[in-house]
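In what follows, every heavy atom counts, from backbone to side chain, and hydrogens, waters and symmetry copies are set aside. If you're wondering where the values come from, they're calculated on a predicted model, not measured in any experiment.
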Amino acid sequence: MSQTVDNIKPCYPLFRDADYVESLANKRETVEEVASPEKIEETFAWTTTAEYQELNFKREALTINPAKACQPLGAVLCSLGFEKTLPYVHGSQGCVAYFRTYFNRHFKEPVACVSDSMTEDAAVFGGQKNMFDGLENARALYKPEMIAVSTTCMAEVIGDDLNAFIGNARKEGHVPEDFPVPFAHTPSFVGSHTTGWDNMFEGIQRYFTLNEMEDKVVGSNGKINLVPGFETYLGNYRVMHRMMQEMGVDYSLLCDPAEVLDTPADGEFRMYDGGTSIAEVKDAPNAVDTLLLQPWQLVKTKKFTQQTWKHDVPALNIPMGLAWTDDFLMKISELTGKPIPESLTRERGRLVDMMTDSHTWLHGKKFALYGDADFVMGMTQFLMELGAEPTHILCSHANKRWKKAVEKLLAESPYGASGKVYVNHDLWHLRSLCFTDKPDFLIGNSYGKFIQRDTLHKGKDAEVPLIRIGFPIFDRHHLHRMTTMGYEGAMYILTTLVNAVLERLDEETREMGVTDFNYDLVR
């Protein structure tokens, strides 16, 4: 099983060499006690049936591959969007290693985040001592200008009180009285990563503005606030900056981690780079209004903004696709009095041209999709604008109100007639649907590749190819730099979708002398 310098192989195809094949076969036979290949195939075939789907959808006490992550993950991403801010998680070291690894794999970038390493004794006696030492050490070692604290399961189960602990840390001198330490309770066993982002952002709002509203006057700074929500496409932050600048709008993007998650390799290490300044947060209540880019995922943020900042927070959808980007820009124009510039009008026209060029290939194609609530809703809207048909629409962590809203959206278009919406369901449910009511394509994050593999195992005709749009994308590189919002984002999504359709058509027609009568050079 040795390799030579002249012929070093990765695990594939190395494990296909005869000696490895023999070794793995011996292992299966002697120690694994696996079922026979015939039994495995029989069971697999059964899991593709309508009978199995009916049982699968009756599941109550088990979740298999939910299309979501936990609250502290979202809190960490939110914290990274503020200038010289260190995310701090009150909990076990292993949890924070998971958050860092998750983001490392998606962004291909180091992610600063610390833990106060709660262990068994903290689980019994509470984690206040860990927080005292952790805050003091984090500030001394990493020299942030703000530390944003969130929690994990352990701290929440035992009932640790962040407000009390941080207050006691100040009294004991572990952190200066004037040093910003906003916090949010983010229990992993409820909600999701989008809930955690919302909780952390509301915690930062509350810390800097709750007790400083006396001198605030809505509209006095002439700005528009944009709140992105849990957003991992770095191009979306950049496209918001670009569109606002082209309109000549004075604005604040409240949370912008694009630079710290996309630093250049130029020989200089940047633990902190870019981000929304504390001054912008403090000034945010003086804005004309606040627009939420992912409103279904920003419940607490919306409530605080309306009740404390006294902003209207217009009812808008995520600015994805043609019509909803139109709505967004027209609302900005209405609030600021700034006209939509010719540059954005021309960009819109290019998108319409692209839609006209590609609609014949996308018309009638069926797509199953999954992901976060606002992303899935925006993708559903844009698919129907393209003449495509969203069939199975799944969000693991959305509520019944969201389900009704998506069903209403589907009812407004002839392309939504066959669409069905699923909340509190997971990717194992979606796997069943891909077997019993096959879509042409699947749209979602990297975890969908296992559905593609399983459907292919049944036969090439049963395969449902995955189009990777969403979070996380672990098995492809640099997609996180792309854009899904605005006209630019719609162009990227359209390009991705239509080329996936054309690539699939080439796959199906390249057999020489059999199907290559349609293996065309021009598509």
Next item on the list: I would like to know whether L73 and V76 meet side chain to side chain contact (heavy atoms under 4.5 Å, CB included); could you show each step before the answer?
Entry: CA-CA 5 Å; L73 186 87; V76 169; 5.9 Å; no
Check: Stepwise, does the side chain to side chain contact (heavy atoms under 4.5 Å, CB included) test hold for W197 with T194?
Finding: CA-CA 5 Å; W197 198 103; T194 63; 5.6 Å; no
Checklist line | Pair N399-W296, side chain to side chain contact (heavy atoms under 4.5 Å, CB included): steps then yes or no | finding: CA-CA 9 Å; N399 55 31; W296 285 98; 4.1 Å; yes
Check: Checking side chain to side chain contact (heavy atoms under 4.5 Å, CB included) for the pair D198/Q297: CA distance, chi angles, key distance, verdict?
Finding: CA-CA 7 Å; D198 185 30; Q297 298 163 199; over 6 Å; no
Next item on the list: Start with the C-alpha gap between Y88 and D116, add the side-chain angles, then the distance that decides, and say whether side-chain hydrogen bond (donor to acceptor under 3.5 Å, both in side chains) holds.
Entry: CA-CA 8 Å; Y88 179 112; D116 51 22; 2.9 Å; yes
Next item on the list: Evaluate the side-chain hydrogen bond (donor to acceptor under 3.5 Å, both in side chains) criterion for residues T436 and Q53: first the C-alpha distance (whole Å), next the side-chain angles of each, then the deciding distance (0.1 Å), finally the verdict.
Entry: CA-CA 8 Å; T436 60; Q53 179 181 308; 2.3 Å; yes
Check: Between K366 and D437, does a salt bridge (charged side-chain N to carboxylate O under 4.0 Å, His left out) hold up when you go through it step by step?
Finding: CA-CA 10 Å; K366 299 181 184 299; D437 185 14; over 6 Å; no
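Ring centroids of H363 and Y415 are separated by less than 6.0 Å, placing the two rings close together. Aromatic pair F474/H106: ring centres not closer than 6.0 Å. Less than 6.0 angstrom separates the ring centroid of F471 from the ring centroid of Y102. For H429 and F57, the ring centers sit closer than 6.0 Å to each other.
The existence of a salt bridge linking D475 and K449 is confirmed by a sub-4.0 Å separation between a basic side-chain nitrogen and an acidic carboxylate oxygen. One finds no salt bridge joining D426 and R431 here, because no Lys/Arg side-chain nitrogen approaches an Asp/Glu carboxylate oxygen to under 4.0 Å. In this structure, K331 does not pair ionically with D289, as no charged nitrogen and carboxylate oxygen lie closer than 4.0 Å. Salt-bridge check for K9 with D17: passed, with a basic side-chain N closer than 4.0 Å to an acidic carboxylate O. Taking 4.0 Å as the cut-off between side-chain N and carboxylate O, K27 and E32 count as a salt-bridged pair. E507 and K460 are joined by a salt bridge, as a carboxylate oxygen and a charged side-chain nitrogen come within less than 4.0 angstrom of each other. Using a 4.0 Å cut-off between charged nitrogen and carboxylate oxygen, K58 and E51 do not count as a salt-bridge pair.
Looking at D516 and N518, their side chains never bring a donor and an acceptor atom within 3.5 Å of each other. For the residue pair T195 and Q71, no side-chain donor N or O sits within less than 3.5 Å of a side-chain acceptor on the partner.
The only option from K438, R504, R453 that meets the side-chain hydrogen bond (donor to acceptor under 3.5 Å, both in side chains) definition with E463 turns out to be R504.
Taking the six-membered ring for Trp and thresholds of 30 and 60 degrees, H392 and Y422 have ring planes inclined between 30 and 60 degrees apart. Taking the six-membered ring for Trp and thresholds of 30 and 60 degrees, Y492 and Y233 have ring planes inclined between 30 and 60 degrees apart. The aromatic rings of H480 and H478 lie tilted to each other, with the angle between the two planes from 30° to 60°.
Taking all atoms of both residues into account, the shortest heavy-atom contact from F382 to L351 is CZ-CD1, 4.4 Å.
A donor-acceptor pair is defined here as one N or O able to donate and one able to accept, closer than 3.5 Å; such a pair exists between the side chain of T515 and the backbone of E508. Checking side-chain atoms of N317 against main-chain N and O of W324 turns up no donor-acceptor pair under 3.5 Å. In terms of modelled atom types and a separation under 3.5 Å, the side chain of S418 and the main chain of T391 share no donor-acceptor contact. Formation of a donor-acceptor pair under 3.5 Å by the T47 side chain with backbone atoms of F44 is found in this model. With Q294 contributing its side chain and I318 its backbone, the two residues share no donor-acceptor pair below 3.5 Å.
From H185, atom NE2 reaches atom CD of E156 across 5.5 Å, with rounding to the nearest 0.5 Å. Going from atom CD of Q381 over to atom CG of L410 covers 10.0 Å, rounded to the nearest 0.5 Å. Interatomic distance, CZ of F375 versus CD1 of I443, reported as 7.0 Å (0.5 Å rounding). Rounding to the nearest 0.5 Å places NE2 of H90 at 11.5 Å from OG of S117.
Counting heavy atoms from C-beta on, the side chains of E120 and V124 never come closer than 4.5 Å.
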